[in-house]
Student: 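Sharing a structure with you now.
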Protein chains: 2
Amino acid sequence: MKIRVAKKPADAYQHGDLREALVDAGVKLLTEGGLDKLSLRGAAQLAGVSHAAPYRHYRDKDALVAAIAERGFRMLSASMRAELEASGARKTARKLVALGMGYVNFGTTHPAYLKLIFGGALSKQAGPPSLYEAGAEAYDMLRDVVAAGITSGELHQMDPEEMALACWSLVHGLSMLIIDNAIPKPETRERERGLIERLVVLLGRGIEND
Amino acid sequence: MKIRVAKKPADAYQHGDLREALVDAGVKLLTEGGLDKLSLRGAAQLAGVSHAAPYRHYRDKDALVAAIAERGFRMLSASMRAELEASGARKTARKLVALGMGYVNFGTTHPAYLKLIFGGALSKQAGPPSLYEAGAEAYDMLRDVVAAGITSGELHQMDPEEMALACWSLVHGLSMLIIDNAIPKPETRERERGLIERLVVLLGRGIEND
DNA sequence: CCTACCGATCGGTAGG
DNA sequence: CCTACCGATCGGTAGG
């Protein structure tokens, strides 16, 4: 009886976890080569299977993309939550700075992820409910902090959704401009932190003179 | 002597203006099908020439993309200037609202253009000087208004570049979020104007309560 | 400015 | 889960 010699690459999937292995492979393609390099065939190759194999686990490319996006959403909210907790902020304004920091840090560290989850590459059709849950997590954190700040009187009386949108737009725009080299990328992490902090604080206090 | 019968499509280029015709065709592909549909071959077909013809006028795809992007930059600054003039604003805060309106209007009306000029599709190499001039126009308008506002005392004493960046980030982020369907697109132009106005004013006055 | 050609990449399916 | 195949699209070049 012959002993089979493993022919698969070292990073090939093991046993029944091809589904997850394909997500890992897709993430690698995404982070190393950007959105353009994210393909089903490429992921299959990285996972060490034929390019037809993924269809056993994902209906089509969009389904794999949705799984990767879900991971991205969770990383985003984790980044925001980590900054919020690390800051130990008690005042709403400081909490908002922390959340913004978490957002921009995630965006500039994982540019392809940000473009994937917000870049319209997500087929607007269906997508599993878990994708939408993951997507709502980050926004909910922001909206809750804003709503609490309005209730406590720290922020202006105003539609919390709209105020949250202002914060979101600011940090999203900043992230995108940095990612796309529209503005010089801050040279160090410290400078980036300083920049984000000043911009978010600016939104807080307003740019007009009293 | 035979009379040649025109075989070209009605919208084919005329005489020596293929160079411009290719830009028009590229713009059409871009606006109708998004960035993905913008190809040299497609533009050539639309212009009624073979797919090898464009290389007589553009070194490669990046060169055509640069020409299209230049047009986009000029449309952006034209949109901002038009809003600024139409507003008749005298106070800095109102001028900033007008500029923001022009920016977001342009972005949501021409989403593919916005993604082209700021989406990193522009090869970071060279590109004609005219491209950079065009790109600087819009930013200069913003920075000048901000700088004048600081000088006049209407805005806080602060690095004008950084304050301009805050404004830019806000309207850029808002545009991108609308374009990418991350937030519901305002149903009417009026609602969109109202939203933009409230957000820019918010940046002006600050979201914190006094 | 054209025809004909290259090599590469894709998503997806047939049929096992 | 694999091999073999389709049709489509690209950017780019040779050679005229």
Side-chain angles (χ1 to χ4, degrees), chain A residues 4-9 11-26 28-30 32-68 112 116 121-123 125-126, chain B residues 4-9 11-26 28-30 32-69 112 116 121-123 125-127:
Chain A
R4 284 262 198 79
V5 179
K7 290 173 181 172
K8 315 271 165 119
D11 59 348
Y13 77 102
Q14 310 287 348
H15 308 72
D17 57 355
L18 176 56
R19 190 182 174 84
E20 268 303 298
L22 285 168
V23 174
D24 292 336
K28 187 165 184 180
L29 289 172
L30 183 69
E32 290 178 2
L35 253 175
D36 293 342
K37 299 300 179 192
L38 175 54
S39 70
L40 261 188
R41 295 171 95 100
Q45 192 180 22
L46 257 186
V49 296
S50 81
H51 70 258
Y55 291 93
R56 301 284 285 177
H57 298 273
Y58 296 98
R59 165 192 278 270
D60 54 20
K61 185 184 178 183
D62 286 344
L64 176 61
V65 167
I68 297 172
L116 175 65
L122 248 48
S123 86
Q125 320 299 1
Chain B
R4 284 264 196 76
V5 179
K7 289 173 182 170
K8 313 272 167 115
D11 60 347
Y13 76 103
Q14 310 288 347
H15 308 71
D17 57 356
L18 175 56
R19 190 180 174 84
E20 268 302 296
L22 286 168
V23 174
D24 292 337
K28 187 165 184 181
L29 290 172
L30 182 69
E32 292 179 1
L35 254 176
D36 293 341
K37 300 297 179 193
L38 175 54
S39 70
L40 260 188
R41 296 173 96 100
Q45 193 180 21
L46 255 187
V49 295
S50 81
H51 70 258
Y55 292 94
R56 300 286 285 177
H57 299 274
Y58 297 97
R59 163 192 281 267
D60 55 19
K61 185 184 178 183
D62 285 345
L64 176 62
V65 167
I68 296 173
L116 175 64
L122 249 47
S123 85
Q125 320 298 0

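Everything numeric in this text was worked out from a predicted model, so none of it was measured. In what follows, every chain begins at residue 1, and chains take the letters A, B, ... in the order their sequences are listed.
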Student: Between D:dG12 and B:His51, counting only base atoms on the nucleotide and side-chain atoms on the residue, is there a donor-acceptor pair under 3.5 Å?
Tutor: yes
Student: Describe the nucleic acid contact of A:Ala52 in one word from base, sugar-phosphate, nothing, applying a heavy-atom distance below 4.0 Å.
Tutor: base
Student: Between P on C:dC1 and OH on B:Tyr58, what's the gap in Å once rounded to a whole number?
Tutor: 12 Å
Student: Under a 4.5 Å cut-off applied to non-hydrogen side-chain atoms, are A:Lys37 and A:Leu30 in contact?
Tutor: no
Student: So, A:Asp60 side chain and A:Ala63 main chain: donor-acceptor pair closer than 3.5 Å or not?
Tutor: yes
Student: Need the pair for C:dA4. Rule: Watson-Crick or G-U wobble, both distances under 3.5 Å, any strand; none if unpaired.
Tutor: D:dT13
Student: Distance check needed: D:dA8 C1' versus B:Asp36 CG, whole Å only.
Tutor: 15 Å
Student: To the nearest angstrom, how far is B:Arg56 atom CZ from D:dG15 atom P?
Tutor: 16 Å
Student: Evaluate the side-chain proximity of B:Lys28 to B:Leu46: yes if any heavy-atom separation is below 4.5 Å, no if none is.
Tutor: yes
Student: Judged by each residue's nearest nucleotide on DNA chain D, which is more toward the 5′ side, A:Arg41 or A:Ala53?
Tutor: A:Ala53
Student: If I take atom CG in residue A:Leu64 and atom P in nucleotide C:dC10, what distance separates them, rounded to the nearest angstrom?
Tutor: 13 Å
Student: Any side-chain heavy-atom pair from A:Ile68 and A:Leu38 closer than 4.5 angstrom?
Tutor: yes
Student: Taking atom C1' of D:dT9 as reference, at what distance in whole Å does atom NZ of B:Lys61 sit?
Tutor: 11 Å
Student: Look at the side-chain N and O atoms of A:Tyr55 and state whether any lies under 4.0 Å from the OP1 or OP2 oxygen of C:dG12.
Tutor: yes
Student: Determine whether B:Leu40 and B:Tyr55 make a side-chain contact, defined as any pair of heavy atoms from C-beta on separated by less than 4.5 Å.
Tutor: yes
Student: In whole angstrom, give the distance that lies between atom CG of A:Leu38 and atom C1' of C:dT9.
Tutor: 14 Å
Student: Assign A:Ser50 to base, sugar-phosphate, or nothing according to its heavy-atom contacts below 4.0 angstrom with the strands shown.
Tutor: base
Student: Whole Å only: how far is the CD atom of B:Gln45 from the P atom of C:dC1?
Tutor: 16 Å
Student: Starting at atom CG of A:Asp60, determine the distance to atom C1' of C:dT13, rounded to an integer number of angstrom.
Tutor: 13 Å
